[in-house]
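Working notes for the structure below.
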Amino acid sequence: MPRKLFITTALPYANAPFHLGHFMEYIQADIWVRFQRLQGHKVHFICADDAHGAPIMLNAEKQGLTPEKLVEKVTSERVGDLSKFNLSFDHWYSTHSPENVALLHDIYKKLKANKLIISREIEQFYDPVKGMFLADRYIKGICPKCGAKDQYGDSCEVCGAVYAPTDLKSPYSAITGAKPVLKKSEHFFFKLSDKRSAKFLNEWVANTPLQSEVKNKLAEWLGDGGKNLNDWDISRDAPYFGIELPDAPGKYFYVWMDAPVGYLASLKNYFESGKAKLNGEARSFDEFLADDEVEQYHFIGKDIIYFHTLFWPAMLHFAGRKVPNNVFVHGFIGFSGEKMSKSRGTGVSPQAYLKLGLNPEWLRYYIAAKLNDRVEDLDFNPDDFVARVNSDLIGKYVNIASRAAGFISKKFEGKLAKPQLPPDIAKEFAAAAPEIATCYDGREFGKAIRKIMALADLANQYVDANKPWELAKNEDRQSELHTVCSTCISMFRDLTVYLAPVLPQLAANAGEMFNFNAGDWKALTKLLPAGHEIKPYKHLMTRIDPKQMDALLEPALEATKEAKASAKADSKSSEHAEAANSEFALVPPETPKPVVIQPINETISIDDFGRIDLRVAKILDAELVVEADKLLKLTLDLGIETRTVFAGIRSAYNPKDLVGRLTVTVANLAPRKMRFGESQGMVLAAGDGTGIYLLSADSGAVPGMRIK
RNA sequence: GGGACGUUAGCUCAGUUGGUUAGAGCAGAGGACUCAUAAUCCUUUGGUCGAAGGUUCAAGUCCUUCACGUCCUACCA
């Protein structure tokens, strides 16, 4: 019976671009989801942007935007990254949505009816200049223990002391610098201290197959009969970017209250937009969630265990809703810091990774090969990355197809003979299917990969033992040759199916080339039939050139400075600092990269073309646009006038190298207002997402000349 | 300060409820081969399993302490 699965990944905070940690989680979840789909289960794979909270509000203000605009800007910039890593989300929405308001209000009212919401007055630091209450992270001062300056309100980064903000000497607001004053305010709390909460949570933990690390953690929180459970402050005072309490004007839900509800809001929108129906789920959102058979799983990082294993199940349970069947926790992705000098920066930017044309499936494979079902950190090691991909994927796996397919095409018109696996190898392959399935299902991806690669080794050994290159020279042994190569292709088919959750694109390409369905797990019990036709072999995947890694790891100097400043301002977390670092990374233009040629567009008439007024332009000036990481501001001489044009070419050109160059511009393009000014045209450049190459006019051309 | 988890060959990792000479891949060395994207195959060199104690007939595996790393410690998304 097919399982019905509702799967989420943690909602990314809409304050910054994605970093590698996001993609590790998405890739982990995506592999699991794809595996479940291959087993014939019905999966609804959902995520959303986490759009609320004080940091977004303040950041937006700093940039002169409304919070909505900031969120829109951040999320629109990163939307393409998701599809490029072949992530198969069924729906992506936002917590800033009417569905979320409705669901949150409903949950809140039910909790209140259950007498689990109380209010009480608390005293907190308040910024009189800004007119808002300050969370610990927005208060700085002198550490009461060691006297270090500019320490945050909760702990000292110099001596490690932990204290309350009120203990700080000479406290000041990190936002305005004003001296904060203590002020009282009414806050609303979710009564986690209620006996019912502890009782329910203990039951939930006992009945949920959580990871042992998570259980330990929970035992700590739930120990002593729940005495360690304190009430959870779920309200914030205005100004706050969030969802207002239905019965307390000026009070907003703390973002961590509305964020997990966003899982449901996104699911609801997915249902109401008709996408669920297209995905084979005809029932309504409410009916779906009321079904006990539906399994709900959340993939999260270890830093947010607290919210997902205490508040979230309790909220759902006492609002009369389905609770999660499990929460899958992973560690963080680190970087081999030791080996890299600090001047070269740290971390790997997924944006730069894509821009450099590195194959997304390399990363998927590497991450899969290192993941297990535990709450363990993993390390991104560039040398390891190159070695792993090149030797496992190219040397072992792809090689099998490459060394057998040539004979089939050249000698046997692309048709297979009946494959014949030697008994010992057949046994191994037969045993592998359930083992690998268990690994995937249990999120032991590293183990699955190891098993698959062991099978690939067997296939290569088989080829060596049977020496097809010798058989080929002997006219009497052609049918042996035919069988050996056909057997190879059949083994390759099996390996491809096994790898399909990790490498969906490669698997699809291989399936297309060799005429099999890489998504057919059930076919694994049968060999490919005699007469099966394959197309001629083409390279399925290129090796990683270590030079590409060098380019990936080389951030621009000026960018590093900028990033460090902004990282500090944004967050204390190293994870965030890493993201900010990469955000500004410039990419050297001369990097080898595979080019993807897009199909030609539909035919147009000469008149259509004539409507576009192309002119030669001379670049008089070029400068960086502060706060835009992709744009350069160009001043162009068009002969009769000068124009200002913003061009998204910062990743490929240094401003000073452009000054004086002749290029081509669209002169009659409607001007477009941008945040930084009006762009009055467009310069032409070649590019497919992996690089940008500005067009030039030959010497002798004069600014203003028409191009026809 | 309290707590959780981790520390196994140069690198990345396996090591089941404690049980014989601690395993694999990559890298290194030697050889074979040439079908294949300098891929593959065979052989082989590397470890007092973070440190020190302890329990046991027997410990990488259990206990204690210490060191290092990551994270949590509630109004911090």
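Note that the structure is a prediction, hence the values are computed from the model and not measured.
Counting non-hydrogen atoms under 4.0 angstrom, A:K396 reaches the backbone sugars and phosphates but no base. Nucleic acid contact class of A:L378 (heavy atoms, under 4.0 Å, all strands): none. Within the 4.0 angstrom heavy-atom criterion, base atoms lie near A:N399. As judged by a 4.0 angstrom heavy-atom cut-off over every strand, A:G395 is placed among residues touching the sugar-phosphate backbone only. Nucleic acid contact for A:M453: none, since no nucleic acid atom lies under 4.0 Å from a heavy atom of the residue.
Checked against B:C41, B:C11, B:U37, the side chain of A:Y537 finds its nearest nucleotide in B:U37. When each of B:C71, B:U37, B:U40 is scored by its nearest atom to the side-chain atoms of A:F332, the top-ranked nucleotide is B:C71. The nucleotide whose nearest atom lies closest to any side-chain atom of A:R374 is, among B:U70, B:G15, B:C5, B:C5. Checking B:C35, B:C42, B:C71 against the side-chain heavy atoms of A:V463 singles out B:C35 as nearest. Side chain of A:Q461, nearest nucleotide from B:C75, B:C42, B:U34: B:C42. For A:R236, the side-chain atoms get nearest to B:C75 when compared with the rest of B:A14, B:C35, B:C75. Across B:U12, B:A14, B:A39, the shortest atom-to-atom separation from the side chain of A:N381 is found for B:U12. In the set B:U70, B:U37, B:G25, B:G25 carries the atom at the smallest distance from any side-chain atom of A:D392. Of the candidates B:C42, B:U34, B:G25, B:U34 carries the atom nearest the A:K473 side chain, counting heavy atoms from C-beta on. Of the listed nucleotides (B:C35, B:C75, B:A74), B:C35 has the atom at the smallest distance from the side chain of A:R403.
Straight-line distance from the OH atom of A:Y397 to the C1' atom of B:G25: 19 Å, rounded to whole Å. The CG-P distance, from A:N372 to B:C13, rounds to 9 Å in whole Å. Rounded to an integer number of Å, the gap from A:K411 NZ to B:A36 C1' is 16 Å. In this structure, the CG atom of A:D379 is 13 Å from the C1' atom of B:G6, given to the nearest Å. Taking atom CG on A:L471 and atom C1' on B:C33, their separation rounds to 14 Å, with Å as the unit. In this structure, A:K467 places its NZ atom 16 Å from P of B:A36, rounding to the nearest Å. Between A:K302 atom NZ and B:U73 atom P the separation is 13 Å, expressed in whole Å. Atom P of nucleotide B:G3 and atom NZ of A:K217 are separated by 11 Å, given to the nearest angstrom.
Nucleotides B:C62 and B:C42 place their C1' atoms 42 Å apart, quoted to the nearest Å. Atom name C1', nucleotides B:G28 and B:C71: the rounded distance is 37 Å, in whole Å. Nucleotides B:C13 and B:G6 are separated by 14 Å at their P atoms, to the nearest Å. Nucleotides B:G19 and B:G60, compared at atom P, are 10 Å apart to the nearest Å. Spacing between B:C35 and B:U8 at atom P, rounded to whole Å, works out to 43 Å. Between B:G47 and B:A9, the distance separating the two P atoms is 10 Å to the nearest Å. Separation of the C1' atoms belonging to B:U7 and B:C75 is 35 Å when rounded to the nearest angstrom. When the C1' atom is used for both B:A27 and B:C63, the distance is 38 Å, rounded to whole Å.
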(message) Let's go through A:F190 and A:F311 carefully: what are the C-alpha distance in whole Å and the side-chain angles of both, what is the deciding distance for ring pair (Phe, Tyr, Trp, His ring centres under 6.0 Å) to 0.1 Å, and is it a yes or a no?
(response) CA-CA 9 Å; A:F190 176 46; A:F311 303 142; 7.2 Å; no
(request) Begin with the C-alpha distance, continue with both residues' side-chain angles, and end with the deciding distance and a verdict on side-chain hydrogen bond (donor to acceptor under 3.5 Å, both in side chains) for A:N100 and A:T95. (result) CA-CA 6 Å; A:N100 207 28; A:T95 58; 4.6 Å; no
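Within 3.5 Å, no donor on the side chain of A:N216 pairs with an acceptor on the base of B:A4, nor the reverse.
When each of A:K370 and A:W469 is assigned the nucleotide of RNA chain B with its nearest heavy atom, A:K370 is the one assigned upstream, toward the 5' end. Nearest-nucleotide positions on RNA chain B place A:L540 closer to the 5' end than the other of A:L540 and A:I122.
With hydrogens and angles left out, the side-chain atoms of A:N460 and A:Y397 include no donor and acceptor closer than 3.5 Å. Under the 3.5 Å distance criterion, with hydrogens and angles disregarded, a donor-acceptor pair is assigned to the side chains of A:S193 and A:D231. No side-chain donor from either of A:Q461 and A:D457 sits under 3.5 Å from a side-chain acceptor of the other.
One finds no side-chain N or O of A:K538 lying less than 4.0 angstrom from the OP1 or OP2 phosphate oxygen of B:A36.
Figure legend. B:G19 is base-paired to B:C57; pairs are counted as Watson-Crick or G-U wobble with both atom distances under 3.5 Å. Summarising the base pairing, B:C71 is matched to B:G3 through a Watson-Crick or G-U wobble pair whose two defining distances lie under 3.5 Å. Taking a pair to require two hydrogen-bonding distances under 3.5 Å in either a Watson-Crick or a G-U wobble arrangement, B:G46 remains unpaired. Using N1 to N3 plus N6-O4 or O6-N4 for Watson-Crick, or N1-O2 and O6-N3 for G-U wobble, each under 3.5 Å, B:U40 pairs with B:A32. Nucleotide B:G25 forms a pair with B:C11, judged by Watson-Crick or G-U wobble geometry with both contacts under 3.5 Å.
Shown are A:W256, A:Y254, A:Y263; of these, the ring-ring contact (aromatic ring centres under 6.0 Å, His included) with A:F307 is made only by A:W256.
Geometric assessment of A:R388 against the ring of A:Y366 yields a negative cation-pi assignment under the 6.0 Å and 45° thresholds.
Side-chain atoms of A:H96 never come within 3.5 Å of backbone atoms of A:A51 as a donor-acceptor pair (strictly under, hydrogens ignored).
Using a 90° window around 0 for the glycosidic torsion, B:G46 falls inside it and is classed as syn.
Between A:H22 and A:H19, the two ring planes are tilted [angle within 30° to 60°].
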